[in-house]
Number of protein chains: 2
Amino acid sequence: MEYKDIEIRLEKKGIKATANRITVYRALASAHVPVTLSMLEEALVTVDKSSIFRVLSLFLEHDVVHAFEDGRGVLHYELCGNEGHCDLSDSHLHFYCESCQKSYCLDDVHLPEISLPQGFTSHSISFVIKGICPHCQARQ
Amino acid sequence: MEYKDIEIRLEKKGIKATANRITVYRALASAHVPVTLSMLEEALVTVDKSSIFRVLSLFLEHDVVHAFEDGRGVLHYELCGNEGHCDLSDSHLHFYCESCQKSYCLDDVHLPEISLPQGFTSHSISFVIKGICPHCQARQ
DNA sequence: TAGCACTTTGCAACTGGGTTGCAAAAAAGT
DNA sequence: ACTTTTTTGCAACCCAGTTGCAAAGTGCTA
């Protein structure tokens, strides 16, 4: 994805496009799986951890990315779809591979409605399945 | 729950009943919600954090407790049912209250089967809904 | 374009949950 | 009683996430 496209995309979401933000955005776009702060830290040696963190927090606020926790309590971030408000994080399933530590976004798995007992109000839902991914399965 | 009952229960699961283990067990039993390491640490001032941790790890291994992560990556532990192998953690839903930080075990909510795409193998499933619990709702 | 305000960044330091090495204490075996 | 094994407390560490602060960068005004 080109510099200019990212710039336009960020500004559409109400974020000024700085060098770091574009760098982080590009990294998120080119990783084809949800990535963690430390993965980004490793990939983007020129950018400080705290800056990446702040960029990700900003992206979260402005629905540029959504995040979910894997089975170790580590957040994985991935870009939202382009249009409008991102509510993907509320509804879809993630798979975390305990072997390679990568996570997968299983958009296509149907998730049924859950009705909470009286009095509970839901803000977000996290469905994470831990196990072994096809790639690691094959490697054994 | 009495000392002797706990001792019997632990030994039935193949764990020697030491003072710390009984203390931790009792704390888990008397808290009627799933509790975290730090909650136990606070409640059991006589027992060291690392000891509580080791007891919990042992309990996990021997299916005395099961655990799940809330939305902050913090583990919550709760006693398994008494009989046989505990597979509760594989199937039921937890609710984490973002206001009071307590978690609830929603055993009675029906969770439908999820079929993973070809090649994925599931070891455990985590379904956590974050939001506001009835108690905190009422307090506002 | 100089001066000023605001924003963004890097650095260092810290938090908090979880985890480990090690030696002392306790329990079990002989 | 003495040796061996298990359990425990302490201190220290790991790592993800987070913050305070000052320096650098950006942009605006005059």
Side-chain angles (χ1 to χ4, degrees), chain A residues 6-7 10-11 13-25 27 34-62 64-78 96 98 101-103 126 128 130, chain B residues 3 6-7 10-11 13-25 27 34-62 64-77 96 98 101-103 126 128 130:
Chain A
I6 298 175
E7 203 175 333
L10 289 181
E11 268 154 22
K13 301 271 193 170
I15 295 175
K16 200 186 341 170
T18 68
N20 277 355
R21 291 173 191 167
I22 289 172
T23 307
V24 171
Y25 193 105
V35 292
T36 64
L37 178 58
S38 49
M39 286 158 105
L40 289 170
E41 209 183 330
E42 206 175 317
L44 310 174
V45 282
T46 58
V47 188
D48 188 75
K49 179 171 78 149
S50 65
S51 300
I52 301 174
F53 171 74
R54 282 189 273 238
V55 168
L56 290 173
S57 304
L58 189 73
F59 281 6
L60 268 182
E61 263 175 55
H62 287 75
V64 176
V65 298
H66 60 264
F68 66 95
E69 260 176 77
D70 65 29
R72 297 131 67 212
V74 177
L75 280 174
H76 291 237
Y77 299 87
E78 64 184 327
Y96 172 71
E98 293 177 317
Q101 268 84 47
K102 286 217 189 82
S103 60
S126 156
V128 181
K130 288 197 274 182
Chain B
Y3 188 97
I6 298 175
E7 204 176 331
L10 289 181
E11 267 154 22
K13 302 270 191 170
I15 295 174
K16 200 189 339 173
T18 67
N20 277 355
R21 290 172 191 166
I22 289 172
T23 307
V24 171
Y25 193 106
V35 293
T36 64
L37 178 58
S38 49
M39 286 158 105
L40 289 170
E41 209 183 332
E42 206 174 318
L44 310 175
V45 283
T46 57
V47 188
D48 188 74
K49 179 171 77 147
S50 64
S51 300
I52 300 175
F53 171 75
R54 281 188 274 237
V55 168
L56 290 173
S57 304
L58 189 73
F59 282 6
L60 268 181
E61 263 176 54
H62 287 75
V64 175
V65 298
H66 58 265
F68 65 94
E69 260 175 77
D70 64 29
R72 297 131 66 213
V74 177
L75 280 174
H76 290 238
Y77 299 86
Y96 172 71
E98 293 177 318
Q101 269 84 49
K102 285 217 190 81
S103 59
S126 155
V128 181
K130 287 197 275 183

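Values below: all heavy atoms of this structure, side chains included; hydrogens, waters and symmetry mates excluded. Here is how names work: the chains are called A, B, and so on, in the same order as the sequence lines, proteins then strands, and each is numbered from 1.
Rounded to an integer number of Å, the gap from CZ of B:Phe68 to C1' of C:dG17 is 16 Å. The separation between A:His76 atom NE2 and D:dG17 atom P is 9 Å, rounded to whole Å. Across the protein-nucleic acid pair, A:Glu42 atom CD and D:dA16 atom P stand 10 Å apart, rounded to whole Å. Counting to the nearest Å, the P atom of C:dA26 and the CZ atom of B:Arg21 are 16 Å from each other. Atom CD of B:Glu61 is separated from atom P of C:dT19 by 12 Å (rounded to the nearest Å). The distance from atom CD of B:Glu41 to atom P of D:dG9 is 12 Å, rounded to the nearest whole Å. Atom CD in A:Gln101 sits about 13 Å away from atom P in D:dC15, given to the nearest Å. As a whole-Å value, the separation of A:Leu44 CG from C:dT9 C1' is 14 Å.
The shortest distance between the side-chain N/O atoms of B:Ser38 and the OP1/OP2 oxygens of C:dG17 is below 4.0 Å. The shortest distance between the side-chain N/O atoms of A:Asn20 and the OP1/OP2 oxygens of C:dG10 is below 4.0 Å.
Annotation: side chain of A:Leu10 is not in contact with side chain of A:Lys13 (no heavy-atom distance under 4.5 Å). Counting heavy atoms from C-beta on, the side chains of B:Phe68 and B:Tyr77 never come closer than 4.5 Å.
Among all heavy-atom pairs drawn from B:Arg72 and B:Gln101, the shortest one is NH1-CG, 3.8 Å. Looking at every heavy atom in both residues, B:Ser51 comes nearest to B:Asn20 through CB-ND2, 3.8 Å. Residues B:Glu11 and B:Ala17 approach most closely at OE2-N, 3.7 Å, considering heavy atoms.
The side-chain contact (heavy atoms from CB on, under 4.5 Å) with B:Leu40 is formed by just one residue from the set B:Val55, B:Ile52, B:Val47; it is B:Ile52. Applying side-chain contact (heavy atoms from CB on, under 4.5 Å) to A:His76 and the options A:Thr36, A:Val35, A:Leu37, A:Val128 leaves one that passes, A:Thr36.
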Give me, pair by pair, the N or O atoms of the protein and of nucleotides 22-26 of chain D that are less than 3.5 Å apart, along with how far apart they are.
none

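Residues B:Asp48 and B:Ser50 bring a donor and an acceptor atom of their side chains to less than 3.5 Å of each other.
Although no hydrogens or angles enter the test, the distance criterion places a donor-acceptor pair under 3.5 Å between the side chain of B:Glu69 and the main chain of A:Gly73.
Contacts between residues 48-60 of chain A and DNA chain D, defined by a heavy-atom separation below 4.0 Å, involve A:Lys49, A:Ser50, A:Phe53, A:Arg54, listed by number.
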